[in-house]
Enquirer: 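Dropping a structure here in C-alpha cells format, bear with me for questions.
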Amino acid sequence: MNMRMSAGGFTERSLEIIRDLKHLEGPMLPILHAIQDEFGYVPEDVKPLIASELNLSRAEVHGVVSFYHDFRAAPAGRHVLKLCRAEACQAMGSDQVADRARQLLGIDFHQTTLDGAVTLEPVFCLGLCACAPAAMLDGEVHGRVDEHSLAEMISEARA
Ligand code: FES
C-alpha cells in the first residue's frame with residue numbers, strides 16, 4: 001500500500017491497475033480489490049476512471065462498491081476489527097457484541113475512532129459458525145466472543 005503518492009501518481013497507478021485487469025471476464029471486482037490492496041481503500045476519484053475504462057456509468061461503479069461490504073470509502077485505522085453479522089452469529093448474540101463494540105469505540109460500523117486506532121467493520125461469516133459469535137482483529141479470528149473478550153481485543157488494539 002502506498003499512501004504517499006502524489007495526485008498524478010495516484011491516477012497513473014489506478015489506471016495501470018485498471019488496464020492490467022480490464023480484460024478479465026467480470027473485471028470490476030478484481031479491479032476494486034486490487035485498488036483497495038494498493039491504497040487501503042477505494043478512493044472516490046478512482047470510480048470515474050473505472051467507469052470510463054469499462055464503459056460503465058459512475059452510478060454502476062458506485063452501486064457495486066456500495067453493494068459489497070469489503071470496500072472501504074476511506075483509509076482504515078491502525079487496526080481493523082470485523083464483527084460477524086451473519087445468521088449463525090446473530091443467533092448466538094452478535095447483536096449485543098456489536099452494540100457493545102459501538103459503545104466502547106464510540107463509532108458505528110464503517111467508521112474509525114478519532115485516534116485512528118480502530119476501524120469497525122461488519123463481515124458476513126468468518127467460517128467460524130460453530131464458535132459463534134465470531135470476530136476478526138487484524139486478520140486473526142476469535143470465536144465465542146463475549147463482552148469480556150471484546151473489551152480485551154479493543155484495549156489491545158488501542159494500547
Ligand atoms: S455466521 Fe458468523 S462465522 Fe459464520
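By convention here, the first residue in the shown sequence is residue 1. Counting convention: from 1, in listed order, for ligands and their atoms alike. Predicted model, so just to flag it, every value in this text is computed and none were measured.
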Enquirer: Looking only at protein heavy atoms, which one is nearest to atom 3 (S) of ligand 1, and how far off is it?
Expert: L126 N, 3.2 Å
Enquirer: Compare all side-chain heavy atoms of L150 with those of L83 and state whether any distance is below 4.5 angstrom.
Expert: yes
Enquirer: May I ask you to list the atoms of ligand 1 that are less than 4.0 angstrom from any heavy atom of A88?
Expert: 1 (S)
Enquirer: Is it the case that the side chains of S57 and E60 hold a donor-acceptor pair, with the cut-off being a distance below 3.5 Å and no angle test?
Expert: yes
Enquirer: When you look at H110 and R72, which way does the side chain to side chain contact (heavy atoms under 4.5 Å, CB included) test go after all the steps?
Expert: CA-CA 8 Å; H110 305 290; R72 296 189 186 105; over 6 Å; no
Enquirer: Is atom 2 (Fe) of ligand 1 under 2.8 Å from any N, O or S atom of C129?
Expert: no
Enquirer: Tell me if the aromatic rings of F71 and Y41 count as close, with their centers under 6.0 Å from one another.
Expert: no
Enquirer: Check whether any N, O or S atom of C125, backbone or side chain, sits closer than 2.8 Å to atom 2 (Fe) of ligand 1.
Expert: no
Enquirer: Just jot down the ligand 1 atoms closer than 4.0 angstrom to any heavy atom of G127, in number order.
Expert: 3 (S)
Enquirer: With a cut-off of 4.0 Å, which atoms of ligand 1 are near a heavy atom of A86?
Expert: 1 (S)
Enquirer: If you measure from the Lys or Arg side-chain nitrogens to the Asp or Glu carboxylate oxygens, is any gap between R19 and E16 under 4.0 Å?
Expert: no
Enquirer: Any side-chain heavy atom of L24 within less than 4.5 Å of one from L21?
Expert: yes
Enquirer: Relative to the heavy atoms of C84, which atoms of ligand 1 are at a distance of less than 4.0 Å?
Expert: 1 (S), 2 (Fe), 3 (S)
